[in-house]
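So the structure is just underneath, and the comments pick up after that.
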Amino acid sequence: MKLNSLLAGSLLLSLASPVFAAKDLGYYLGGQINHTSMTDRIGDFEESALGLGIYGGYNFNQSFGLEAGIHGTDSYIDEVDLRSAAITLAPTVRHAYSDMVTVYLKGGLLWEAIYSNDDLVTDDYRGIGWLIGTGVDLTLSESMALRLSYEYSETEPESKDYDNYFASTRVHQFGVGMHYRF
């Protein structure tokens, strides 16, 4: 009976306490597919688009890292080919629940561009905003991990052509990605 209690207690303790694999330290680089929803709080714009992104970072220790990313979308509105792109930089706080599951939170800055390649629309907006995000990294092998993520950002990009004319965007982005740990 004591042996069973001891084994059960050890199992619960190992599941509850974080385990950090040394392979998570250092650099990582990956890509992801995103579903992005954008709303403009000034106008009545509310659309979504698929996108692609590249992300990478460095984990300084078991709890803290720094991550950067670049992502862009397909057209939000097909008739005018309206797209967005962003560059992000955010510190991350991480917690490993096991050798296979690590969750993270991040918060930082982004530079966003909203533009169109259509000849009929010349509006172009650019600005700096903030983002928060969370996700889980699932270890597939010693060097590969699958990522499920969510990011929320707000920006007030200004028009390069018109003075005092800006948008006020909110972006929700869900992603599935894979990265390689060096």
Any chain of hydrophobic side-chain contacts (each under 4.5 Å) joining [X] to [Y]?
{"X": "I87", "Y": "I54", "value": "no"}
{"X": "V136", "Y": "M100", "value": "yes"}
{"X": "I132", "Y": "V103", "value": "no"}

Provide the closest heavy-atom pair for [X] versus [Y] in the form atom of the first, atom of the second, distance.
{"X": "P91", "Y": "G108", "result": "CD-CA, 4.5 Å"}
{"X": "Q32", "Y": "G175", "result": "NE2-CA, 4.5 Å"}
{"X": "L146", "Y": "V176", "result": "CD1-CG1, 4.2 Å"}
{"X": "D99", "Y": "T139", "result": "O-OG1, 3.3 Å"}
{"X": "E142", "Y": "R181", "result": "O-NH1, 4.0 Å"}
{"X": "T134", "Y": "Y104", "result": "OG1-O, 3.0 Å"}

Quiz item: Please walk me through it: do H179 and Y28 pass ring-ring contact (aromatic ring centres under 6.0 Å, His included)?
Solution: CA-CA 6 Å; H179 61 264; Y28 60 94; 5.2 Å; yes
Practice problem: Determine whether the side chains of E112 and T169 contain a donor N or O and an acceptor N or O closer than 3.5 Å. | Solution: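 Checked: E112/T169 side chains pair up, N/O donor to acceptor below 3.5 Å.
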Quiz prompt | Side-chain donor-acceptor pair present, Y150, H172, cut-off under 3.5 Å | solution =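 Result is yes, a qualifying pair exists.
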Quiz item: Judged by atom type as modelled, is there a donor-acceptor pair below 3.5 Å linking the side chain of N61 to the main-chain atoms of S63?
Solution: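 Pair found, side chain donor or acceptor close to backbone of S63.
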Quiz prompt | Under 3.5 Å: donor-acceptor pair, side chain of T88, backbone of L110 | solution =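 No, T88 side chain to L110 backbone: no donor-acceptor pair under 3.5 Å.
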Nearest 0.5 angstrom please: [X] [atom1] to [Y] [atom2], how far?
{"X": "F182", "Y": "S143", "atom1": "CZ", "atom2": "OG", "result": "9.5 Å"}
{"X": "N34", "Y": "S149", "atom1": "CG", "atom2": "OG", "result": "6.5 Å"}
{"X": "M178", "Y": "D137", "atom1": "CE", "atom2": "CG", "result": "11.0 Å"}
{"X": "E151", "Y": "Q173", "atom1": "CD", "atom2": "CD", "result": "5.5 Å"}
{"X": "S48", "Y": "D74", "atom1": "OG", "atom2": "CG", "result": "10.5 Å"}
{"X": "Y180", "Y": "L29", "atom1": "OH", "atom2": "CG", "result": "11.0 Å"}

Is there a side-chain contact between [X] and [Y] (heavy atoms, below 4.5 Å)?
{"X": "I114", "Y": "T155", "value": "no"}
{"X": "S84", "Y": "M38", "value": "yes"}
{"X": "T92", "Y": "L66", "value": "no"}
{"X": "L109", "Y": "L131", "value": "no"}
{"X": "R94", "Y": "Q62", "value": "no"}

Quiz item: Going through the distances and angles, do V171 and Y152 end up as a side-chain contact (heavy atoms from CB on, under 4.5 Å)?
Solution: CA-CA 6 Å; V171 175; Y152 173 81; over 6 Å; no
Self-check item: Working for side-chain contact (heavy atoms from CB on, under 4.5 Å), residues T36 and L50
Solution: CA-CA 6 Å; T36 305; L50 290 178; over 6 Å; no
Quiz prompt | Partner of Y27 by ring-ring contact (aromatic ring centres under 6.0 Å, His included), out of Y55, F60, Y58 | solution =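 The passing option is Y58.
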Quiz item: Would the number of heavy atoms belonging to other residues, nucleotides or ligands and lying under 6.0 Å from CG of L89 be above 12?
Solution: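 Count over threshold, so yes.
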Quiz item: Which residue pairs satisfy the salt bridge (Lys or Arg N to Asp or Glu O under 4.0 Å) criterion with at least one member in residues 56-69, sequence neighbours excluded?
Solution: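 Listed once each, the pairs are E67-K106, E67-R147.
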